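If you're wondering where the values come from, they're calculated on a predicted model, not measured in any experiment.
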Amino acid sequence: MPVGYLFPVTLVAVGTLFALRPVPFSRPLGRVSYYFGLAANELPFAAFFWLLLLPTALAFAEGDIDSAGGWAVVALAAVTTLGLAVVARRALGERARVEHALDQGLGTGWRAALDADLAEGLRRRPPLARVLFLPVFRRRLDVRRVADLSYGDAGRRNLLDVYHHRSRPQGAPVMIHLHGGTYSGGRKNSQSLPLLHHLAGQGWVCVSATYRLRPQAQHPDHLIDLKKVIAWVREHAHEYGADPSTLFVAGSSAGGHMAALAALTQNDPAFQPGFEDADTSVSGAVYLNGWYGTYFGQGPESSPLAHITADAPPFLVAHGDLDPIVPVAEARHFADRLRETSAAPVVYVELRGGNHAFDLYHSFRFEAVVDAVEAFTALVRSRERDSRPQGPR
């Protein structure tokens, strides 16, 4: 039995099985299913090239396939390849589904409503080489990261990173992103980096921040921290070329929960102790693989659902239909409630086969979401420009 060949094939086979049929996180094997299935689900091409095709070629070249056990591993690799093909096919269809979601949320003629310069900058196809060969390499040479800037008094839990284009264009819009981790873990510079680097490469100023965690902090402490980040951006982002009058807030998982709360409680002094007069309004919100319910042991007021009003800002919500941590039904419910009440655009993107942390890698799935975020923000920015007073002609 070629053990060296068996190991990578088994690894991919288990991951592919859990990608196709994930186990809910709360059940036995839920954690194993999540971590193994996530990699195979979001990186099927890398799994095939590096852990199936290359080891199989080496095993044949070295004469390891000379027994019934060796051929059994080859058979397992073949079956796993079929499973990865199903996973990859789901991901390849994501771009068309995302485009349909944009049409539903923004109206079928939304592209015609874009400012010409913003429309010209939208990407039409994914970065194939990066997705296929460098999916975990998330940095760009034209983007500079300024790390560990303090925005509050909670030490390392109140630090942020700024990403900006090395040419430092002026008047850039701002995207703030908060990491997930069930409010008890996680770190900046870890999640949605393909989004932040892409936007920064397009001239945005992006911010990724840490915040206080459980159990030392409780809601609304985390939300207050995000409000402090927004206030910091309004005061300092011009130093990096930004115009913070156009500011979007985004988050993954718990960070999405927090971003939604911030977007739905703009300028609420109850969540701005000591900086009540700071402007914490936002142009829109991006809610990725989020949590939509109440905070641990607290009442309905700790859920974004309790704060939905007619004047809610524009939202883009993206959620995987195979998310093993937050059922997709909760995302649908939030999007439906928001559409029923808010006068602003609501884009709901349901990702077929999407796992919980689909925003970690350069994948066909997340690159489609990245392009949707850029298109969504382009429409919001176009409308903001149209609504601003024009000077004398």
Please round to the nearest 0.5 Å and tell me the distance separating atom CH2 of W204 and atom OG1 of T377.
3.5 Å

In terms of the angle between their ring planes, are H179 and Y211 parallel, tilted or perpendicular, with boundaries placed at 30° and 60°?
parallel

Quick check on side-chain hydrogen bond (donor to acceptor under 3.5 Å, both in side chains): which of H197, H177, H198 does S192 satisfy it with?
H177

Any idea which heavy atoms bring H257 and P304 closest together, and the distance?
NE2-CD, 3.4 Å

Is D148 salt-bridged to K188, going by a charged N under 4.0 Å from an acidic O?
yes

Counting neighbours of CZ on R352 that are heavy atoms of other residues, nucleotides or ligands and sit closer than 6.0 Å, is the number greater than 12?
no

Could you check if a side-chain atom of L338 sits within less than 4.5 angstrom of a side-chain atom of Y348, using non-hydrogen atoms only?
no

State the OH-CG distance between Y151 and L160, to the nearest 0.5 angstrom.
7.5 Å

Heavy-atom count check: over 12 atoms from other residues, nucleotides or ligands less than 6.0 Å from F296 CZ?
yes

Which of these, Q202, E367, E374, sits in a side-chain hydrogen bond (donor to acceptor under 3.5 Å, both in side chains) with R123?
E367

Between T210 (side chain only) and L159 (backbone N and O only), is there a donor and an acceptor less than 3.5 Å apart?
yes

Any chance you could measure F275, atom CZ, to I224, atom CD1, to the nearest 0.5 Å?
6.5 Å

Please report the shortest heavy-atom distance between A278 and Q272, naming the atom on each side.
O-NE2, 3.2 Å

Would a single hydrophobic cluster contain both I325 and Y295, if residues Ile, Leu, Val, Met, Phe, Trp and Tyr are joined by side-chain heavy-atom contacts under 4.5 Å?
no

Full working for ring-ring contact (aromatic ring centres under 6.0 Å, His included) between H219 and Y183:
CA-CA 9 Å; H219 175 76; Y183 282 116; 7.9 Å; no

I'd like to know if K227 pairs up with D268 as an ion pair, taking the criterion as any Lys NZ or Arg NE/NH1/NH2 lying under 4.0 Å from an Asp or Glu carboxylate oxygen.
no

Evaluate the side-chain proximity of V369 to D359: yes if any heavy-atom separation is below 4.5 Å, no if none is.
no

Please tabulate, for side-chain N and O atoms in residues 70-84, each donor-acceptor pair with protein atoms closer than 3.5 Å (sequence neighbours left out).
| residue | atom | partner | partner atom | Å |
| --- | --- | --- | --- | --- |
| T80 | OG1 | L76 | O | 2.7 |
| T81 | OG1 | A77 | O | 2.8 |

Of all pairs that satisfy ring-ring contact (aromatic ring centres under 6.0 Å, His included), the ones with a partner from residues 318-337, not counting sequence neighbours:
Y287-F334, Y292-H319, Y292-F334, F315-F334

Please collect all salt bridge (charged side-chain N to carboxylate O under 4.0 Å, His left out) contacts where either partner lies in residues 96-115, sequence neighbours excluded, each pair once.
E94-R97, E99-R111, D115-R385

Rounded distance (nearest 0.5 Å) linking atom CD of Q191 with atom CG of N189:
10.5 Å

Do F248 and V373 touch side chain to side chain, with heavy atoms closer than 4.5 Å?
no

So with a 6.0 Å cut-off around CD of E120, is the heavy-atom count from everything else above 12?
no

Near R89 CZ, under 6.0 Å, is it more than 12 heavy atoms from other residues, nucleotides or ligands?
no

Shortest non-hydrogen pair, S167 vs H165, comes out as OG-ND1, 2.8 Å

With a sphere of 6.0 Å drawn around CG of D277, does it hold more than 12 non-hydrogen atoms of other residues, nucleotides or ligands?
no

Donor-acceptor under 3.5 Å (R139 side chain, L193 main chain)
no

Under 3.5 Å, side chain of W50 to main-chain N/O of L53, donor-acceptor pair present?
no

Report the distance from atom CZ of R212 to atom CG of N158, rounding to the nearest 0.5 Å.
6.5 Å

Members other than L322 in its cluster, when Ile, Leu, Val, Met, Phe, Trp, Tyr link by side-chain heavy atoms under 4.5 Å?
none

Which residues pass the side-chain hydrogen bond (donor to acceptor under 3.5 Å, both in side chains) test with R381, sequence neighbours left out?
none

Heavy-atom distance under 4.5 Å between the side chains of L226 and I176, does that happen here?
yes

To the nearest 0.5 angstrom, please state how far the CH2 atom of W232 sits from the CG atom of L149.
5.0 Å

Under 3.5 Å, sequence neighbours excluded: what are the donor-acceptor pairs made by side chains of residues 28-41?
| residue | atom | partner | partner atom | Å |
| --- | --- | --- | --- | --- |
| S33 | OG | V23 | N | 2.9 |
| N41 | OD1 | R90 | NH2 | 2.8 |
| N41 | ND2 | G353 | O | 2.6 |

